[in-house]
Structure formats: structure tokens, C-alpha cells
Amino acid sequence: MRIAVFGAGYVGLVTGACFADLGHDVVVRDVAEGKIDALRDGRVPIHEPGLEELLERNGERLRFTASVEEALEDVDVVFVAVGTPPTPSGDADLTAVWTVVDELPDVDRRVVLAMKSTVPVGTGRTVRHRLDERGLENVGYVSNPEFTAEGTAIRDFLHPDRIVIGAFDSRDADVVEQLHAGIDAPVVRADVASAEMIKLAANAALVTRISFINEIANVCEATGADVLRVAEGIGLDRRIGPSFLRAGIGYGGSCFPKDSLALKQLAANSGYNFQLLNAVIEVNELQKRRVIGKLERRLETLRGKKIALLGLAFKPGTDDMREAPSLVLAGRLLAEGAEVSAWDPVADGSGRLDGKVEIAPSALDALDGADAAVVVTEWAEIRDLDWAAAGERMRRRFVVDGRNALDAEALRELGFEYEGIGRTSS
Ligand SMILES: NC(=O)c1ccc[n+]([C@@H]2O[C@H](COP(=O)([O-])OP(=O)(O)OC[C@H]3O[C@@H](n4cnc5c(N)ncnc54)[C@H](O)[C@@H]3O)[C@@H](O)[C@H]2O)c1
């Protein structure tokens with residue numbers, strides 16, 4: 001089939017590359033001409049493992065354009081993968097989505113508009129009305145939410161746990177299901193509103209687990225238990241399962257914070273107070289700040305102290321710093337009068353940290369003269385760092401391991417003071 005993907009971001013590029021890999025003809029369209037130029041030159045504007053190779057391998061079935069007309073020529077399915085960032089009120093900003101909908105020309109054959117962007121429940125119904133008002137009855141609408149995670153997006157796309165398709169007309173759902181031929185996964189067919197809710201509810205369930213284990217970790221710290229053993233012990237319960245039980249300094253990224261806030265606001269706008277989700281969000285905010293307390297307890301004051309942040313991306317495997325805990329930590333540390341250095345193997349923090357944080361060329365350089373290191377992102381490069389050499393460079397051998405990623409015993413043997421999350425410290 002011929003597919004157009006609107007949006008050449010984390011979701012759009014992975015969607016385009018994977019559908020091309022499945023044998024479809026794909027045009028990716030973006031309004032950012034710089035991105036399109038880069039892609040045409042074979043440069044990939046984001047860091048996603050395996051993406052560059054996949055785009056290259058399927059080059060003959062993939063084109064990139066900034067032109068709507070070129071993207072829509074003879075197309076069967078148009079995927080919307082544009083950003084839906086939060087507005088100041090916490091609701092999703094659908095400006096880019098409406099631009100795509102309003103740009104669609106009248107067509108004399110069936111074309112399916114498939115929504116991959118995460119949107120509030122009820123968006124599909126509003127899009128349908130808007131298309132009908134313009135007389136675009138030939139344009140079908142399908143909600144096909146995306147569940148890929150940055151860092152593992154290609155594997156997640158080609159081997160998903162499920163494919164969700166919500167449609168007003170089953171013919172359109174059939175087309176989108178056929179597109180996925182070659183992917184072995186259960187297909188959940190639903191009405192449009194339920195498909196939209198599946199995406200928001202899935203993310204709400206995941207953040208709830210994260211805040212749950214983080215609160216367990218905080219109680220472990222207060223009572224002398226070790227959250228790693230606790231997570232292992234509860235994760236083996238088949239009713240609970242082991243995933244998303246890693247205590248840390250909270251979730252970030254371009255999806256979890258905004259989607260949980262959007263669901264909270266969606267509920268509130270409908271007159272319902274989603275108390276559990278409110279608490280989950282608040283726990284996450286507080287969790288990031290607990291690092292400051294851990295530092296202060298040992299260093300007494302942060303004023304004039306040098307703190308090295310190891311990892312800037314919101315998680316390993318990506319360069320994405322949207323809503324990254326590193327940004328909150330850097331802001332809090334600077335506000336306390338600390339000097340902050342940082343290093344990340346991939347993410348470029350220079351634009352986001354306002355020149356107030358020293359971006360070091362290596363982890364050891366970031367640690368030079370530091371009074372403490374904070375592991376913010378559990379990159380393998382940070383876990384496997386030569387910590388003996390790190391100790392030589394630091395003013396004080398003190399690590400706050402915000403992801404429980406390091407070998408606490410080995411560090412203690414090297415003379416480090418070690419603080420994890422939800423574990424006894426020394
Ligand atoms: N990032 C993820 O891992 C992920 C996972 C699941 C769902 N989602 C959802 O997918 C959507 C896209 O997320 P993302 O992270 O890929 O965003 P992104 O910001 O990386 O990319 C969005 C792209 O859309 C482009 N764009 C804006 N208006 C456009 C238009 N009219 N036509 C064509 N392109 C346009 C932007 O220039 C940008 O390149 C969001 O709704 C997000 O919530 C993201």
C-alpha cells in the first residue's frame with residue numbers, strides 16, 4: 001500500500017521505516033524543512049537504535065518531503081504522528097493535529113486517516129465531524145495508538161504486544177489491519193473512543209506502577225528494607241509481574257508526564273476527580289527532588305559544592321530530554337547555589353540548560369573536583385564507568401545512584417559513600 005506519515009519525529013520516523021520494511025511505499029512529511037533535508041541526505045535527526053540502518057535498508061521504498069501535495073499523491077493511508085504537547089492547562093495541544101486534518105484535500109477514492117498521535121478521548125469524533133462538515137466523506141478515520149518506547153521503538157513496532165485499531169467504519173479498520181500483515185500480534189478492534197482511552201489508560205497504569213514502587217522504596221529507606229529484594233519478591237507473583245518495578249528518581253520523557261496530565265485534565269473537564277492519578281503525578285514530582293535531600297544530608301549545604309549529573313536523557317537509548325529528571329535536578333541544584341556539571345553519551349544538553357551547567361566532554365571530566373555524583377540515567381556507559389578512576393578525580397567520593405544501577409558493594413570497597421533509592425546507605 002501507499003502510506004503517508006505526517007511528522008518525522010520519534011514516532012513518525014519509526015512508523016515510516018517499519019512500514020517500508022514490511023514492503024509498503026512510504027512518504028514521510030514534516031513541516032520542519034531542516035529535518036527533511038537531513039533525511040534526504042541520509043542523516044537521521046534523532047537517536048533511536050537501529051533506525052538509521054532500517055531507513056537505509058529500505059531507502060527505495062521511502063521518500064521525505066515537506067510538501068502536502070507530494071505526500072498525499074495516490075495515498076491509501078495517512079498516519080498522523082505529529083506532536084501533541086501539553087498546554088499550560090495540562091490539556092493536550094492539538095494544533096498540529098488540526099493542521100493536518102485541515103490540510104487534507106477532497107479525494108474521489110477511499111483514504112484512511114490513522115491517528116498515531118496520542119490525543120484526548122473524543123478527538124476522533126471531533127475530527128469526524130470536521131471532515132464531514134467539509135464534505136470529506138471519502139476520508140475514513142481510525143485511531144491506531146502507538147505504544148513504542150524510545151530506545152526500543154523498532155523492536156516494539158515490529159513485535160508489539162498488541163495492535164489497537166478503533167474505527168467508525170469496519171472497512172477502514174480492515175485496511176489498517178492489512179497494513180500490519182507480517183506482524184504477529186493480537187489485534188484489538190474497538191470503537192474510536194475506547195481505542196483512544198486504551199492509550200491513555202496504558203500509560204496511566206505504567207506511571208502508577210512507577211510511583212507505587214517509588215513509594216515502596218521511600219518506605220524501605222525509612223524502615224531498613226531493600227527495595228531491590230522487595231521488587232524481586234513481589235514481581236515473581238504472577239498476578240503482579242516484574243516489569244516497571246524499578247525504583248528510582250521518577251519518570252520523565254515526552255509521553256508519561258504529558259499523557260498522565262492529559263488524562264487527569266480530561267477526567268476533570270468531564271467532572272471527575274481522578275484522585276489516584278493526581279497522587280501518582282505528585283509522587284513523581286517529589287521523587288525527583290528527594291535527591292536534593294540526600295545530597296544535603298551529607299554535604300550539609302549545596303552552596304559552592306560541585307555536583308556532577310551523569311546522564312541527561314530521560315532514559316537510556318535516546319537523546320530525548322523532554323521532561324527529563326535531569327532538568328529538574330539541574331534547576332534545583334543551581335537554585336541551591338551549587339555548581340553543576342553534566343555528561344551524557346548521546347543527549348546534547350547545551351540548548352536546554354541555558355549555559356548554566358557545564359557540559360563535560362566525558363564522564364570523568366564531569367566528575368573532576370566534584371563533591372558528589374548523581375546517576376540520573378542508567379546508561380551502560382555510566383554503570384560500567386571506571387569508578388576507581390572516577391574516585392581519583394572527585395573531591396569527595398560520594399554517589400547518589402538515582403537508578404540503583406551501580407554495584408553498591410564494589411563502590412564501597414573503593415571508598416565511596418553510596419546512596420541508592422530505597423536501600424540502606426553507607
Ligand atoms: N515519543 C514516543 O516514544 C511516543 C510513543 C507513543 C506515542 N507518542 C505520541 O506520538 C506523537 C508524536 O510524538 P513524537 O515524540 O514523535 O513527537 P516529535 O516532536 O518527535 O515529532 C513530531 C513531528 O511532527 C512535526 N509536525 C508538526 N506539525 C506537522 C504537520 N502539520 N505536518 C507534518 N509534520 C508536522 C514536527 O515538526 C515534528 O518533527 C505524540 O502525540 C506523542 O504523544 C510518542
Side-chain angles (χ1 to χ4, degrees), residues 207 210-231 245-253 256-257 278-312 314-315 323-343 349 353 356-358 366-367 369-378 382 387 390 394-406 408 411-412 415-426:
V207 293
I210 295 172
S211 281
F212 167 75
I213 198 66
N214 284 341
E215 289 219 284
I216 293 287
N218 298 344
V219 181
C220 282
E221 264 174 33
T223 55
D226 182 335
V227 75
L228 292 187
R229 296 288 76 76
V230 175
L245 287 181
R246 294 193 51 170
I249 52 173
Y251 58 81
F256 284 168
N278 293 345
V280 164
I281 293 167
E282 195 181 337
V283 166
N284 194 58
E285 282 313 309
L286 295 174
Q287 195 68 13
K288 291 180 239 176
R289 290 153 197 264
R290 281 177 71 86
V291 171
I292 306 297
K294 286 175 185 285
L295 291 168
E296 276 173 342
R297 264 193 299 283
R298 294 203 190 226
L299 301 177
E300 281 164 25
T301 174
L302 293 175
R303 184 154 296 281
K305 300 282 164 49
K306 178 173 174 180
I307 312 296
L309 299 180
L310 300 182
L312 291 169
F314 83 92
K315 69 173 192 174
E323 303 281 334
S326 60
L327 298 172
V328 175
L329 279 177
R332 285 287 301 115
L333 289 167
L334 290 169
E336 294 296 330
E339 185 192 332
V340 183
S341 60
W343 177 76
L353 295 165
K356 293 181 188 132
V357 171
E358 173 208 337
L367 291 165
D371 295 280
V374 180
V375 176
V376 184
T377 317
E378 65 274 37
I382 292 168
W387 282 97
M394 294 175 73
R395 181 152 52 205
R396 177 169 174 164
R397 295 179 184 214
F398 172 28
V399 180
V400 177
D401 181 0
R403 300 295 178 185
N404 290 338
L406 306 180
L411 280 168
R412 285 183 186 125
F416 276 88
E417 302 162 80
Y418 174 89
E419 284 242 15
I421 304 292
R423 318 175 69 185
T424 46
S425 56
S426 67

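All heavy atoms count here, side chains included; hydrogens, waters and symmetry mates do not. Worth saying up front: this structure is predicted, and the values here are computed from it rather than measured.
- A side-chain donor-acceptor contact under 3.5 Å links K305 to the backbone of L299.
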Q) Step by step, would you call I281 with Y251 a side-chain contact (heavy atoms from CB on, under 4.5 Å)? A) CA-CA 10 Å; I281 293 167; Y251 58 81; 4.0 Å; yes
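- For the pair G311 and S326, the tightest heavy-atom approach, listed with the atom from each and the gap, is O-CB, 3.9 Å.
- The distance from atom CG of L312 to atom CG of L353, rounded to the nearest 0.5 Å, is 6.0 Å.
- Taken from CD1 in I307 to CG in L302, the straight-line distance is 5.5 Å, to the nearest 0.5 Å.
- N214 contributes a side-chain N or O that, together with a main-chain N or O of G248, makes up a donor-acceptor pair within less than 3.5 Å.
- Distance check, rounded to the nearest 0.5 Å: CG of L228 to CG of L245 gives 11.5 Å.
- When the shell of 6.0 Å around CZ of R246 is examined, it contains 12 or fewer heavy atoms from other residues, nucleotides or ligands.
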Q. Could you walk me through whether R290 and I421 pass the side-chain contact (heavy atoms from CB on, under 4.5 Å) check?
A. CA-CA 9 Å; R290 281 177 71 86; I421 304 292; 6.0 Å; no
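- Considering T377, V375, L333 in turn, L333 is the only one that fulfils the side chain to side chain contact (heavy atoms under 4.5 Å, CB included) rule with L309.
- Between the CZ atom of F416 and the CG atom of D401 there is a distance of 11.5 Å, given to the nearest 0.5 Å.
- Note: F398 CZ to E419 CD = 5.0 Å, rounded to the nearest 0.5 Å.
- Taking all atoms of both residues into account, the shortest heavy-atom contact from G420 to N404 is CA-OD1, 3.4 Å.
- Residues V227 and A247 share a closest heavy-atom pair of CG1-CB, 3.8 Å.
- Nearest heavy-atom pair across V340 and A330 is CG2-O, 4.4 Å.
- Note on D371 versus R396: no salt bridge recorded, every NZ/NE/NH1/NH2 to OD/OE distance being 4.0 Å or above.
- Listed for the E221 side chain is a donor-acceptor partner under 3.5 Å among the backbone atoms of G422.
- Interatomic distance, CD1 of I382 versus CH2 of W343, reported as 5.5 Å (0.5 Å rounding).
- Around CD of E285, the count of heavy atoms belonging to other residues, nucleotides or ligands within 6.0 Å exceeds 12.
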(Q) Walk me through whether L329 and V374 qualify under side-chain contact (heavy atoms from CB on, under 4.5 Å). (A) CA-CA 10 Å; L329 279 177; V374 180; 4.3 Å; yes
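- Counting all heavy atoms, side chain and backbone alike, A366 lies closest to A370 at O-CB, 4.4 Å.
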Q | Stepwise side-chain contact (heavy atoms from CB on, under 4.5 Å) test for R423 and Y418 | A | CA-CA 10 Å; R423 318 175 69 185; Y418 174 89; 3.3 Å; yes
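- Proximity of F256 to I210: side-chain heavy atoms (C-beta onward) are separated by under 4.5 Å at one or more points.
- When each of R412, R297, R298, K294 is paired with E417, the salt bridge (charged side-chain N to carboxylate O under 4.0 Å, His left out) condition holds for R298 and for no other.
- Looking only at side-chain heavy atoms (C-beta outward), V328 and R289 come within less than 4.5 Å of each other.
- A 4.5 Å side-chain heavy-atom check between S341 and K306 finds at least one atom pair inside the cut-off.
- Nearest approach of N284 to S211, heavy atoms of both residues: N-OG, 3.9 Å.
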